[in-house]
Protein chains: 2
Amino acid sequence: MGDTRAPGQRAGLTRDAILRCARDVLSEQGIDGLTMRSVARRLGVAPNSLYSHVAGKDTLVDDLLDDVLGEVAEPRTTEPAAGLRQIMTSTYEVLLRHPDLVPLYLARQGSRGGNAQRLGEIMLDLLDAAGIAGPEAQEARRVLIVYTIGFAAMTTGSTSDAATSLLSRDVLAANFTTGLDWLLEGILATSDNQLPPHSL
Amino acid sequence: MGDTRAPGQRAGLTRDAILRCARDVLSEQGIDGLTMRSVARRLGVAPNSLYSHVAGKDTLVDDLLDDVLGEVAEPRTTEPAAGLRQIMTSTYEVLLRHPDLVPLYLARQGSRGGNAQRLGEIMLDLLDAAGIAGPEAQEARRVLIVYTIGFAAMTTGSTSDAATSLLSRDVLAANFTTGLDWLLEGILATSDNQLPPHSL
DNA sequence: TCAATTATTGGACAGTGTACAGTTTAACCA
DNA sequence: TGGTTAAACTGTACACTGTCCAATAATTGA
């Protein structure tokens, strides 16, 4: 650790580098191990240095969560049922890829960052194409989001629970899809323009 | 605050009093305001005193969560669909009565205390009566729990979201029931002994 | 009545997020 | 090229957190 820097000497710090590092620390040390100081230490930098690139710990975590949502694939169709199933499934897969983040999403009830907003609007567009708009659309969206994050938490969490480990990821993922289809069926059934019967 | 106590003088502290007080602090000051010191201050006691009745902050919060689950009413029937609907609805209502706790349930993925265990076993019994046992029963239970807590979070959370406040609690509660029935329908349909058609 | 246990305190420690005031570097404009 | 300005980074420090330790008073039981 001989490479101490005098005040003023640049370290080449970057908002992205900090986010990446925070993600690494989180996955290696868990949520309790994620501190400004631990991130700074791993970057070989004084804790305060982070504040030149990040507003604070809360927004760091917020940014972290929203950053990951950038991995969610946009749906490749404008057909409501298929599009919604695609976007939710992609979200579910992204969450499974970052198990450590899932409890954070739950505690903060999602994310309000740019990526979250973008995905949210895509969902509203799809719902609108199904004839669902206004408050009902907002609600349907929240149902889908809660279901997806909740299910990811179920798939992901508490490996200490003996009963859980008996269930394979695949089984749970399959159940995610069937439950999602139940929800979509129910949501889209409230629409005025009914869908063609076999669209699900 | 003249009533300082010398070391050794009893304050009549109680585990239950501490839990109740912690709940009050939580609902008034939010999760960030819930500290050992704030609870102790409100009880007119030194922070360390709490450690004679509670193992630490983590278990305090755990106990708090499980304590509230004691309010959930046991189902008044052994008929699976009705019983499950009763127990989940009661849980949902209890959660709505304690909105501040909901994010904590989410972050900790439920509760592992005695009350949680009792309720969980009642659910398994009901599922068993419907011919669902083993891993499928575990999974069905988790689906129901995640759905219920998740929906409570949706009903409860983020009053800052302008769109949300347009939806009344009643509308959301009604939606909880319909979604719950979808899930029950789907879960119980996987059973071998089919239910009589109109049992839902 | 005396001993043992328990509840409570003051004081302290390590760790947290973050503000402040400096120092160096890089960027920009003459 | 040189001088000015803005930004990156540091050391130090503060208020706050959860929790341990040793001392003390009250309670309990024999």
Side-chain angles (χ1 to χ4, degrees), chain A residues 1-65 100-101 103-104 107-108, chain B residues 1-26 28-65 100 103-104 107-108:
Chain A
M1 322 259 185
D3 58 340
T4 56
R5 230 180 331 277
Q9 311 226 33
R10 303 293 162 107
L13 228 46
T14 292
R15 210 194 78 112
D16 276 7
I18 293 177
L19 286 183
R20 234 193 344 267
C21 180
R23 213 147 82 200
D24 292 347
V25 171
L26 183 63
S27 82
E28 290 178 19
Q29 324 237 31
I31 179 63
D32 289 344
L34 177 63
T35 78
M36 292 290 136
R37 284 174 160 86
S38 68
V39 173
R41 193 179 320 129
R42 170 181 284 238
L43 288 167
V45 124
N48 320 351
S49 310
L50 306 179
Y51 288 83
S52 297
H53 306 267
V54 176
K57 189 186 183 182
D58 284 345
T59 70
L60 190 165
V61 174
D62 282 341
D63 291 355
L64 191 55
L65 294 183
D100 341 274
L101 296 184
L104 295 180
R108 309 195 172 215
Chain B
M1 322 265 183
D3 58 339
T4 56
R5 229 180 330 275
Q9 310 226 32
R10 303 294 162 105
L13 228 45
T14 293
R15 209 194 79 112
D16 276 7
I18 293 177
L19 286 183
R20 235 192 345 267
C21 181
R23 214 147 81 200
D24 292 347
V25 171
L26 183 63
E28 291 178 20
Q29 324 236 31
I31 179 65
D32 289 343
L34 179 63
T35 79
M36 291 291 136
R37 285 174 160 85
S38 67
V39 173
R41 193 178 321 128
R42 171 181 283 239
L43 288 166
V45 125
N48 320 353
S49 310
L50 306 179
Y51 289 83
S52 296
H53 306 266
V54 176
K57 189 185 184 183
D58 284 343
T59 69
L60 190 164
V61 174
D62 282 341
D63 291 355
L64 191 55
L65 294 184
D100 341 275
L104 295 180
R108 307 194 172 216

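Lettering of chains follows the sequences in order, A, B, ..., and the numbering in each one begins at 1.
To the nearest 0.5 Å, atom OG1 of residue B/T4 and atom CD of residue B/Q9 are 9.0 Å apart.
Remark: A/Q9 is in phosphate contact with C/dT25, judged by side-chain N or O atoms under 4.0 Å from OP1 or OP2. Of the side-chain N and O atoms in B/H53, one or more sit less than 4.0 angstrom from OP1 or OP2 of C/dT8.
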Filtered N/O pairs between nucleotides 14-17 of chain C and protein, under 3.5 Å:
from	atom 1	to	atom 2	distance (Å)
C/dG17	OP1	A/M36	N	3.2
C/dG17	OP1	A/K57	NZ	3.3
C/dG17	OP2	A/M36	N	3.1
C/dG17	N7	A/R37	NH1	2.5
C/dG17	O6	A/R37	NH2	3.3

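Near-neighbour residues of DNA chain D inside residues 19-30 of chain A, defined by a heavy atom below 4.0 Å, are absent.
Side-chain proximity of B/S52 to C/dG10, C/dA7, D/dC9: nearest is C/dA7.
Counting heavy atoms from C-beta on, the side chains of A/D100 and A/R23 never come closer than 4.5 Å. At a threshold of 4.5 Å between non-hydrogen side-chain atoms, the residues A/L26 and A/L104 count as touching. Considering only heavy atoms from C-beta on, A/T35 stays 4.5 Å or farther from A/Q29 through its side chain.
Distance CG (B/L13) to C1' (D/dT27): 16 Å, rounded to an integer number of Å. When the C1' atom of D/dC20 is taken as reference, atom CG of B/L50 falls 14 Å away, rounded to whole Å. In this structure, the CG atom of B/N48 is 10 Å from the C1' atom of D/dG18, given to the nearest Å. If you measure from atom CG of B/L60 to atom C1' of D/dT19, you get 14 Å, rounded to the nearest angstrom. With rounding to whole Å, B/D58 atom CG is found 16 Å from D/dT17 atom P. For A/R5 and D/dA8, the CZ to C1' distance is 10 Å, given to the nearest whole Å.
In terms of heavy-atom proximity, B/L43 sits nearest to B/C21 at CG-SG, 3.7 Å. Looking at every heavy atom in both residues, B/S38 comes nearest to B/V25 through OG-CG1, 3.6 Å.
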Handout entry: side chain to side chain contact (heavy atoms under 4.5 Å, CB included) evaluation trace for A/V54 with A/M36
Key = CA-CA 11 Å; A/V54 176; A/M36 292 290 136; 5.7 Å; no
Where do B/L13 and B/L50 land on the side chain to side chain contact (heavy atoms under 4.5 Å, CB included) test, with the steps shown first? CA-CA 8 Å; B/L13 228 45; B/L50 306 179; 4.3 Å; yes
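Between the side chain of A/R10 and the base of C/dT25, at least one donor-acceptor pair of N or O atoms lies under 3.5 Å.
Sorted by first and then second residue, the side chain to side chain donor-acceptor pair (under 3.5 Å) pairs involving residues 56-65 of chain B (not counting sequence neighbours) are B/R15-B/D63, B/D62-B/R108.
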